[in-house]
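Report on the following structure.
The structure presented is a predicted model; accordingly, all values stated were derived computationally and were not measured. Along the sequence shown, residues carry numbers from 1.
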Amino acid sequence: MYLNEAGSDLVYHEPIDFEYEPSGFLPKVENLKVRKWALEIHSLWKNLSRKVDDKVIENPDLYTLLPLKYPTVIPGSRFREVYYWDSYRVIRGLLASPMYESAKSIVYNLISLVDEYGFILNGARAYYSNRSQPPLLSAMVSEIYNRTNDLSFIKKSLPALLKEHKFWNSGVHKVKIQDSKGCIHSLSRYYAMWNKPRPESFTIDKESALKLLNDCDKQHFYRELASTAESGWDFSTRWMRNQSDLTTLATTSILPVDLNTYVLKMELDIAFMAKTIGDRLTAEHFLEASEARRTAINSIFWNTEKGQWFDYWLSNNCEEVHQWEAQGENQISFASNFVPIWIELFNSDDSTVKKVVKSLQSSGLLCAAGIATTLSHSSEQWDFPNGWAPLQHVIVEGLARSSLKEAGSMAEDIAIRWIRTNYETYKETGTMHEKYDVEACGKFGGGGEYVPQTGFGWSNGVVLAFLEEFGWPQDLEIGC
Ligand SMILES: OC[C@H]1O[C@H](O[C@H]2O[C@H](CO)[C@@H](O)[C@H](O)[C@H]2O)[C@H](O)[C@@H](O)[C@@H]1O
């Protein structure tokens, strides 16, 4: 057998809209040291830009890489293909850069995946076709539209968003649940269409399953592993019945707060886009869908005393309509419990925001260098002490949109801590990292099934997005 060198299928591409010093770049960054660093991060888009090699387009059956037509941006290091939810933060950074054409071409590639598969794959490889990832396509489209006012862009994107909405709200992804007052709600869950070892981590999964004795238990476990990869949080004690035993992953039995927030955002974005292009019926339908999901999120996840939205654990995975029970509420603090604050319906409500700010403050998740993913020291990568760019971003952005002063200050404080740790680690190691250790400023993260990766798409995107939003004053020190 003859194999090409890894990475030769996706080749370097010079982005057409890249400039070394773009005019109007990060106008609120006054400090020269920070501006210089931000320009270095901006120039990393050049390193991470790729296009599919012609040999793959000509003979797609010979490759695992999918023959995407447009140039794209990869996360970096071992992640040499496009990843779905990473792309949202990459796009937010590209918009700050500003590289609108590069941002649009990422979306066009993702749309082509919906056309072909009916959903967006975890990543653009054939072996990722058994699952998706946190659905953020609508957020990508609406952010690009906000900057460009390009009506034809939303016209081209809307059909894919409608298809994607169906994927997350039908079949195995859809769960019906009756609340304590007798109302039936429809929510979404992660559920991979796969019950074998993940092809990209085949030997690791086989080994993890060794202690399971029968084939049925093994198949169940393999589905849970792949479903956890669909959540983007692979792996975390958040999904485990027993925090020290990976084989107790139970992701398909959990109604996740963050997934349902992203689907709510999808519904609101679709309603807005449909209205913008004059499709009144679709707009009304999705406004109703968003109202129903907001009610479901309040009823099933929100705990008003604790000021958090908690994941809900289903007691039995096979019922047609589940019955809500107090014991199903998982009252452990995870960063995902604060993700709904991203949505205007929640961040415009002062009483909710006050509770959330108080709760986040006392949760133990707020650390020296940002928000920890969970409080569990498990050595899994989506656990303590790791902090991840997408989680800092979604919470900070939500808090910053509130009109409450204490929420705004908290948002800015977290953003400053996060920018500082990214800066210090970059100066120390010469690179941007996939995740950071939030216990102290200037440390990158670890744990999990692969060595820490660098590059790195979503970290670059979030630093640029934070600097765009908050700026950096002349006299504020950047070092730890
Ligand atoms: O190969 C192991 C796993 O790698 C990916 O997961 C991690 O990296 C992704 C790219 O940055 C990121 O989207 C994900 O949140 C990370 O946990 C991949 O997505 C997994 O499916 C894969 O099994």
Report yes or no: is the cationic atom of [X] (NZ for Lys, CZ for Arg) closer than 6.0 Å to the six-membered ring centre of [Y], at no more than 45° off its axis?
X	Y	result
Arg238	Trp233	yes
Lys196	Trp194	yes
Lys163	Phe119	no

List the steps and the verdict of side chain to side chain contact (heavy atoms under 4.5 Å, CB included) for Leu158 and Ile270.
-> CA-CA 7 Å; Leu158 203 49; Ile270 292 177; 4.0 Å; yes
More than 12 heavy atoms of other residues, nucleotides or ligands under 6.0 Å from [atom1] of [X]: is that the case?
X	atom1	answer
Glu428	CD	no
Lys46	NZ	yes
Glu14	CD	yes
Lys166	NZ	no
Glu319	CD	yes

With under 30° as parallel and over 60° as perpendicular, where do the rings of Trp388 and Trp458 fit, or are they tilted in between?
->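 Taking Trp458 first and then Trp388, their aromatic rings stand perpendicular (interplane angle over 60°).
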Atom of [X], atom of [Y] and distance for their closest heavy-atom approach:
X	Y	value
Glu397	Arg92	OE2-NH2, 2.7 Å
Arg131	Ala192	CB-CB, 4.1 Å
Ser186	Lys174	OG-CE, 3.4 Å
Leu137	Ala160	CD2-CB, 4.5 Å
Ala335	Ile395	O-CD1, 3.5 Å
Ser227	Tyr190	O-CB, 3.7 Å

Please confirm whether the ring centroid of [X] lies under 6.0 Å from the ring centroid of [Y].
X	Y	value
His173	Tyr191	no
Tyr450	Phe79	yes
Tyr20	His42	no
Phe301	Phe310	no
Phe456	Phe444	no

Gap separating the [atom1] atom of [X] from the [atom2] atom of [Y], nearest 0.5 angstrom:
X	Y	atom1	atom2	value
Asp258	Asp311	CG	CG	6.5 Å
Gln219	Asn195	CD	CG	4.5 Å
Ile300	Ile177	CD1	CD1	4.5 Å
Lys435	Gln453	NZ	CD	7.0 Å
Leu66	Leu121	CG	CG	6.5 Å
Ile120	Trp85	CD1	CH2	14.5 Å

Please test Ser236 against Glu380 for side chain to side chain donor-acceptor pair (under 3.5 Å), starting from the C-alpha separation and ending with a verdict.
-> CA-CA 6 Å; Ser236 168; Glu380 295 297 347; over 6 Å; no
Should [X] and [Y] count as side-chain neighbours, where that means a heavy-atom distance under 4.5 Å?
X	Y	answer
Met240	Leu246	yes
Asn330	Ile254	no
Met140	Ser87	yes
Ile154	Ile277	yes
Phe466	Val462	yes
Phe235	Trp382	no
Ile106	Ile91	yes

Apply side chain to side chain donor-acceptor pair (under 3.5 Å) to Glu434 and Ser459, showing your working.
-> CA-CA 6 Å; Glu434 172 199 31; Ser459 300; over 6 Å; no
Per side chain to side chain donor-acceptor pair (under 3.5 Å), Thr64 is matched among Glu200, Glu81, Arg125 by Arg125
Got a donor-acceptor contact below 3.5 angstrom from the [X] side chain to the [Y] backbone?
X	Y	result
Asn460	Gly455	yes
Lys55	Ser8	yes
Thr72	Val82	no

For a quick check under 3.5 Å, do [X] and [Y] share a side-chain donor-acceptor pair by atom type?
X	Y	answer
Arg198	Asn122	no
Thr237	Ser378	no
Ser132	Glu230	no
Tyr145	Glu143	no
Asp269	Ser138	yes
Asn347	Arg401	no
Ser244	Asn242	yes

Residues in side-chain hydrogen bond (donor to acceptor under 3.5 Å, both in side chains) with Ser333, at least two apart?
-> Gln308
Please identify each residue that fulfils side-chain hydrogen bond (donor to acceptor under 3.5 Å, both in side chains) with Asp279, with sequence neighbours left out.
->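 So Asp279 forms a side-chain hydrogen bond (donor to acceptor under 3.5 Å, both in side chains) with Thr282.
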Evaluate the criterion salt bridge (charged side-chain N to carboxylate O under 4.0 Å, His left out) for residue pair Asp9 and Arg50; output intermediate values, then yes/no.
-> CA-CA 10 Å; Asp9 45 7; Arg50 297 284 186 283; over 6 Å; no
Check the pair Asp383, Thr373 against side chain to side chain donor-acceptor pair (under 3.5 Å), reporting the backbone distance first and the verdict last.
-> CA-CA 5 Å; Asp383 270 320; Thr373 312; over 6 Å; no
Stepwise ring pair (Phe, Tyr, Trp, His ring centres under 6.0 Å) check, His165 with Phe286 = CA-CA 10 Å; His165 185 265; Phe286 277 89; 4.9 Å; yes
Matching residue for Tyr70 among Ser112, Ser105, Ser102 - test: side chain to side chain contact (heavy atoms under 4.5 Å, CB included) | Ser105
Side chain to side chain donor-acceptor pair (under 3.5 Å) assessment of Tyr128 paired with Tyr84 | CA-CA 11 Å; Tyr128 281 141; Tyr84 180 11; over 6 Å; no
